[in-house]
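As structure tokens, the structure follows; a few thoughts come after it.
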Amino acid sequence: MAESQNKRDLAYARTKINFDVKDMTNFLHGGEANVEQRRYIIDLIAKDPVFNKDDWGWLNHTDAVKRGIAMSTRLAEIKMEHDLNDLDFATMMEAIDDTLPIVLHNGAFIPVITSQGTEEQIEKWIPPAEKFQIIGCYAQTELGHGSNLSQLETTATFVKETDEWEINSTSFTAAKWWIGGLGALCTHAVVQARIFIEGKDYGAHVFVVPLRSLDDHKPFPGIEIGDIGPKAYNGFNKMDNGFARFNKYRIPRENMLMRFSKVSKEGVYTKPPHSKLAYGSMVLLRSVLIKQMALYLSRAVTVSTRYLTVRRQFNNPTSRNDSDLNPGLETQVINYPMVQNRLFPMIAQSYALFAAGSVMMEMYIGLMTGLSSGNIGALAEVHAMSSALKSYCTTFAVAGVEESRKLMGGHGFSYFTGIAHLFASTVPSNTYEGDNYVLTQQMARYLLKEVKTARTNPDQVTPYSKYLLLGLNKSAFARSTCSVALPEDWLNPAVQLAAFEHRCARLAYELSDAVEQGGLDTANPKTWSDHNIECYRISHAHAQYVMVLWFIQAVRDASNPETDVERRAEPSSIKVLERLSNLHALHTIQTNLADFVEDGYFSPAQCQSLRAQVKNIVASLADEAVGLVDAFDHPDFLLNSALGATDGDAYKRLWDKAQSEPLNRRQVCDGYEEYIRPLLKKHGEFKL
Ligand SMILES: Cc1cc2nc3c(=O)[nH]c(=O)nc-3n(C[C@H](O)[C@H](O)[C@H](O)COP(=O)(O)OP(=O)(O)OC[C@H]3O[C@@H](n4cnc5c(N)ncnc54)[C@H](O)[C@@H]3O)c2cc1C
């Protein structure tokens, strides 16, 4: 059979790329060794029949959870058989492309015990957890409360006589709810419960709680457990998000994790040296999410870029003429500027997310190193940063996955694009690990403290809040304007950063002034709530600023001979990376233009030249788009997409996939005799 036009189009697009895709892949994934290891791990999963995805579209929740358990246990076996580390485990989860009941065992259960347990507790729980002799989940949220940790209704009452805790769900709404892994798989949980000692409430603390017998998997007496049922968009359908109610259930005193807070045999409570020390594990989960968003969004744009390259619609000429190859054919839709201006900024955002994911992980590692030696200096900033970035990145990544679907027109709505599944997996990230709106208050609170520091001890503001110094002289700040005179000035990273810094400084001082003028108090939720909208604005503005900064730095480092070789790139790659970094910065400004205009920082003429510059950069990336998504190195098994496969054979694959629909196994559909025939015959025979 002759090669399809689809395949020819994608192959031809690859001949136009002006950089080395392999070099770009190495840059994105932190060096060749990482790329090889990732491929090896994905291949392990791809060739194991348990992880076959062919029937996923037809699984109901009940069957899907059983499949999720089969996949979870196989995953555990592979990890042990191949002696894989946590990073490899995370790559396996990525390759599997679904959230499994086991995910929080390595993602939360082990890290929480490791970061909040004493040496003895780590010694007791981690070796069996690593051998999967026990499997754990993370149980914080309740039917009645999630965001507001301080009002959790699960209690742990100290029973001095027996040296135990009595875990109790004190009301109907105290039931733990949403807990991943709890519904069917897990034997243990780390449970957040408020401790009471001799009637005194000491707030929420973490306990290791055995849930199910290690002999027959039955829940222990005193615990009622179940699955909470199917979820939105059929997402997380292999995950057994569960509920649990505790009825005066006893566990030993030592099951409270006591690295920071302690309770002695005598019932003496010792509080932690810093009230937020336990935040380390939350920072980890949120930091991991940034990297995950890079992988999710980059997958979505890989599929849409490839499909839009092979999709043709109308004969409208565009400035990017492809008639050299295909005279007389309709226009490839990727050549329409409207399509490019929707798609290419998301490719740039994906690259920015890769950079941000790496820096956020480095910040987390730095924080944990500091904490282990008693240095809590970085805690407040890293916690605020991970909250702000989690909120911002998951918000735009989810929107981007959906935009990638819409970009593909009608076929985009087919399950076989792989994007419907991806969207359903991605969308709850806006809610779990902290609701994206509530989370922004963390960064706002932090910045308000930094405003105070800027006013009182200006040399003590942290590097990321240095922009606050700009606003100390109010009248000079009010007069400052953007320096862009010529369109090419927009391509100067210093100009871009100055604009973000100016906007952040203005929003931070405005919030600070409003809080002070109103006599309002950030510790008083009744009045603080009046500023939630401004908190969201400054938090996302700060997140955008650091994202832009980190991407600029990553590109700069890539050409610096002193940088580790894994983070360097060849000049041809750097040329394209610079364009992506410019597009990311300028497109982010463009989509938030009102913030830069409302105090007169940009003039109307600058707004116009900014828009023109964004269009220019987008157009300059047309030949590189396919290479840029190929560089993400997502194999076909992972994409699971008829429209976005590496060979571009979209129509053939879509046709073949539709043939696998079980309805098509019979010529006359099930239900004909029962429903269709009686209706057709109701008023007698009609002869054709
Ligand atoms: C798929 C999924 C998996 C999950 N897995 C787990 C798990 O394994 N373990 C676990 O413990 N939990 C889990 N959760 C629960 C999750 O962490 C919480 O649902 C999340 O933190 C949001 O809290 P909430 O449900 O209390 O939302 P709420 O706080 O009730 O939010 C409801 C609305 O109120 C708004 N709101 C709330 N407070 C404020 C405020 N102060 N100011 C302004 N607006 C406000 C929010 O923005 C939101 O729009 C999971 C949730 C999902 C969806």
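Quick caveat: nothing in here was measured; it's all calculated off a predicted structure. Heads up: numbering here begins at 1 and tracks the sequence. Read the numbers this way: they start at 1 and go in the same order the structure lists the ligands and their atoms.
Looking at Glu534 and Arg537, no side-chain N of the basic residue comes within less than 4.0 Å of a carboxylate O on the acidic one, giving no salt bridge. The existence of a salt bridge linking Glu153 and Arg194 is excluded, since no basic side-chain nitrogen approaches an acidic carboxylate oxygen closer than 4.0 Å. Lys248 and Glu166 are not joined by a salt bridge, as no carboxylate oxygen comes within less than 4.0 angstrom of a charged side-chain nitrogen. Comment: Arg67 engages Asp55 in a salt bridge, judged by a side-chain N to carboxylate O separation of less than 4.0 angstrom. Under a 4.0 Å N-O distance rule, the pair Lys262/Glu254 does not qualify as a salt bridge.
Taking distance alone, with nitrogen or oxygen atoms compared against 3.5 Å, Gln140 approaches ligand 1 more closely than that limit.
With a 4.0 Å cut-off on non-hydrogen atoms, Pro428 touches ligand 1 through its side chain and not its backbone. With a heavy-atom cut-off of 4.0 Å, Tyr437 touches ligand 1 through its side chain alone. Contacts between Asn532 and ligand 1, counted as non-hydrogen atom pairs separated by less than 4.0 Å, involve the side chain only. Looking at Leu104 against ligand 1, only its side chain comes within 4.0 Å, counting heavy atoms.
Shown in contact with Gln441 at under 4.0 Å from a heavy atom are these atoms of ligand 1, numbered in order with element: 40 (C), 41 (N), 42 (N). Close contacts between ligand 1 and Gly434 involve ligand atoms 21 (O) [criterion: under 4.0 Å to a heavy atom]. Interface of Phe236 with ligand 1, defined as ligand atoms under 4.0 Å from a residue heavy atom, comprises 1 (C). Proximity to Gly180 (heavy-atom distance under 4.0 Å) selects the following atoms of ligand 1: 7 (C), 8 (O).
For atom 9 (N) of ligand 1, the closest heavy atom belonging to the protein is Tyr138 O, 2.8 Å. The single protein non-hydrogen atom nearest to atom 39 (C) of ligand 1 is Val438 CG2, 3.6 Å, given as residue, atom name and distance. Atom 27 (O) of ligand 1 has Ser147 OG, 3.6 Å as its closest protein atom, hydrogens excluded (heavy atom only). For atom 4 (C) of ligand 1, the nearest protein heavy atom (residue, atom name, distance) is Trp178 O, 3.5 Å.
Within 4.0 Å of atom 25 (O) of ligand 1, not a single protein heavy atom is present. Protein non-hydrogen atoms do reach within 4.0 Å of atom 2 (C) of ligand 1.
Closest to atom 20 (C) of ligand 1 by heavy atom, among Thr431, Asp435, Asn148, Ile179, is Thr431. Evaluated by nearest non-hydrogen atom to atom 12 (N) of ligand 1, the leading choice among Asn430, Val103, Val427, Thr141 is Thr141.
Ring pair Phe416/Trp58 is tilted by interplanar angle, where 30° to 60° counts as tilted. Classified by interplanar angle (parallel below 30°, tilted 30° to 60°, perpendicular above 60°), the ring pair His542/Tyr545 is perpendicular.
Between the side chains of Thr187 and His217, no donor-acceptor pair is found at a separation under 3.5 Å. Inspection of the Lys231 and Asn241 side chains reveals an N or O donor paired with an N or O acceptor under 3.5 Å. Ser298 and His634 share a side-chain donor-acceptor pair at under 3.5 Å. Remark: the His531 side chain and the Tyr536 side chain contain no N/O donor-acceptor pair separated by less than 3.5 Å.
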